[in-house]
Amino acid sequence: MYNGKARAYTNIALIKYWGKKDKELILPMNNSLSLTLDAFYTETSVSFSPYHTKDSFVLDGQLQDEKATAKVSRFLDIARKKAGVNDFAQVESQNFVPTAAGLASSASGLAALAGACNDALQLGLSEKELSQLARRGSGSACRSVFGGFVEWEKGHSDDTSYAQVVPSDDWEEELAMIFILINDQQKDVSSRDGMERTVATSDFYDGWLETVSRDIQTAKQAIAAKDFQALGEVTEANGLKMHATTLAATPPFTYWSPDSLKAMNKVRQIRQTGLACYFTMDAGPNVKVLCQKKDVSAILAALQEDFTKEQLTCAYAGEGLKSLEM
Ligand SMILES: O=C(O)C[C@@](O)(CF)CCOP(=O)(O)OP(=O)(O)O
C-alpha cells in the first residue's frame with residue numbers, strides 16, 4: 001500500500017476557459033486567468049495497492065457510480081503510466097464548501113487528486129508538471145495548483161499547456177468574491193458539454209476567440225496596476241461574452257435563470273451607488289461578485305435587501321496545492 005493526500009482550493013475564472021482544441025489532452029482554445037479562493041477546497045487521498053481489484057472513488061462519504069469512477073480511473077491511468085505501476089487505487093475526496101454555497105468544483109477535486117497521486121507514486125513532479133497533470137483531469141484544475149492570480153497558458157501540446165502565477169505584489173489579499181447561491185432546479189448543462197456544443201455550433205464562437213486574448217492582456221495590465229475598476233470591467237464583460245456564445249449555439253442554451261438576472265441587475269445597482277463590484281458566472285445559475293475587501297460588509301448589506309444570508313458566502317484569496325499527512 002502506498003498513499004498520498006493533498007488539499008487544493010477552488011478558483012474562479014475572471015477571463016474564462018471556454019472551448020477545447022483537444023478533448024483527450026484537454027488543450028483549451030484560449031488562455032484563461034483566475035483567482036484562487038480560500039472558502040472552498042477539497043482534500044483528496046489516494047491509496048494504491050496490489051490487493052485492490054479495481055479503482056474506487058468515495059466523494060463526501062458516498063461511493064460514486066460507474067461514470068464518476070471512470071472519470072477518476074482515466075486520470076489514475078495517466079498517473080500510473082507516469083509511475084510505471086498497474087495497481088488499482090482507492091480515492092477519497094472531501095469537499096469543504098460552506099453548505100450554503102452549494103458549490104462543488106471539479107477544479108479543486110482534480111487538483112487535489114493530482115497532488116495526492118504525485119505523493120503516493122513519488123513522481124516528484126514540479127509545480128508546472130503538477131499543473132499539466134491536473135489539466136488532464138479537468139482544465140480549470142490546472143489553475144488550482146497555484147494560489148492568487150493564475151494564468152493558464154493554452155499552449156499547443158501536453159507539455160506546453162499549463163498554468164502559472166500572475167505577478168501581483170499580493171494585491172489579491174485586498175480583494176474578495178461574494179457568491180450568490182441561486183437556488184435553481186433546472187438541470188445544468190455541464191461545462192464540458194456546454195463548451196463542446198458551443199465550439200461545434202455557436203455562430204458567436206469566433207467572436208469570443210477574437211476578444212478573449214485582448215481581455216487577458218487587459219486583465220494582466222489591471223493586476224499590474226492594481227486597477228480594480230479595470231479588472232472588474234474586463235471580468236464582467238468577458239463573462240457576459242462567454243455566456244453570449246451559448247445563446248448562438250444549436251440548440252441554444254443558457255446558464256442564466258431569472259434570479260441570475262436579478263442578481264446581475266442588483267450588482268449593477270450597487271455599483272451605481274459608488275461601491276465597486278462586478279459579477280461573473282460559470283456553468284450554472286450562481287452569480288459571483290468580485291469586490292474589494294474594504295467594501296464587503298457594505299456590499300453584503302445591500303445584497304441582503306434581495307437575497308438571504310444563507311444565499312451569500314464571502315471568499316478571499318486562497319493558496320495553492322498542499323500535500324497533507326495521511
Ligand atoms: O473556469 C473557467 O475558466 C470557466 C468555466 O468554469 C465556465 F463554465 C469552465 C470550466 O470548465 P471545466 O469544468 O474545467 O471543464 P473540463 O476541462 O471539461 O473539465
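We count ligands from 1, going down the list as the structure has it; atoms in each ligand are counted the same way. In this chain, residues are counted from 1 in sequence order.
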Below 3.5 angstrom, do we get any N/O pair linking K16 and ligand 1?
no

Is it the side chain (CB and beyond), the backbone, both or neither of R136 that lies under 4.0 Å from ligand 1, heavy atoms counted?
neither

Any N/O of R143 closer than 3.5 Å to an N/O of ligand 1?
yes

Identity and distance of the protein heavy atom lying nearest atom 19 (O) of ligand 1
S138 OG, 2.7 Å

Go through ligand 1 atom by atom and flag the ones less than 4.0 Å from a non-hydrogen atom of R192.
16 (P), 18 (O), 19 (O)

Among T36, T42, L37, find the one that has a side-chain contact (heavy atoms from CB on, under 4.5 Å) with Y9.
T36

Tell me whether ligand 1 is touched by K20 - counting only heavy atoms on the residue side and a distance under 4.0 Å.
yes

List the closest protein heavy-atom neighbour of atom 8 (F) of ligand 1: residue, atom name, distance to the nearest 0.1 Å.
A283 N, 3.1 Å

Give me the residue, atom name and distance of the protein heavy atom closest to atom 11 (O) of ligand 1.
M195 CE, 3.4 Å

Treating Ile, Leu, Val, Met, Phe, Trp and Tyr as nodes and any side-chain heavy-atom pair under 4.5 angstrom as an edge, say whether W18 and L27 lie in one connected cluster.
no

M281 near ligand 1 by a heavy-atom separation under 4.0 Å:
no

Going by atom types only, do D87 and S49 share a side-chain donor-acceptor pair under 3.5 Å?
no

Salt bridge check: are K226 and D169 linked by an N-O gap of less than 4.0 Å?
yes

Pair K71, R192 - check side chain to side chain contact (heavy atoms under 4.5 Å, CB included), show working.
CA-CA 13 Å; K71 181 172 174 182; R192 189 162 289 189; 4.0 Å; yes

Are W208 and W152 joined in one hydrophobic group, where the rule is that I, L, V, M, F, W and Y side chains link up if heavy atoms are under 4.5 Å apart?
yes

Establish, from distance only, whether the side-chain atoms of K16 and T280 form a donor-acceptor pair under 3.5 Å.
yes

Distance to 0.1 Å, residue and atom name: give those for the protein heavy atom nearest to atom 14 (O) of ligand 1.
S140 OG, 2.7 Å

Backbone or side chain, does any N or O of Y17 fall under 3.5 Å from an N or O of ligand 1?
yes

Backbone, side chain, both or neither: what part of I26 comes under 4.0 angstrom of ligand 1, heavy atoms only?
side chain

Using only atom types and a distance under 3.5 Å, with no angle test, would you say the side chain of E151 pairs donor to acceptor with the backbone of Q164?
no

Counting only heavy atoms closer than 4.0 Å, does ligand 1 sit against the backbone of S191, its side chain, both, or neither?
side chain

Give yes if a backbone or side-chain nitrogen or oxygen of A13 is under 3.5 Å from a nitrogen or oxygen of ligand 1, and no if not.
no

Decide, yes or no, whether a salt bridge links E129 with K82 under the criterion of side-chain N to carboxylate O below 4.0 Å.
no

Atom 5 (C) of ligand 1: which protein heavy atom is closest, and how many Å away?
D282 OD1, 3.8 Å

Using 4.0 Å as the upper bound for N to carboxylate O, is an ion pair formed by K293 and E174?
no

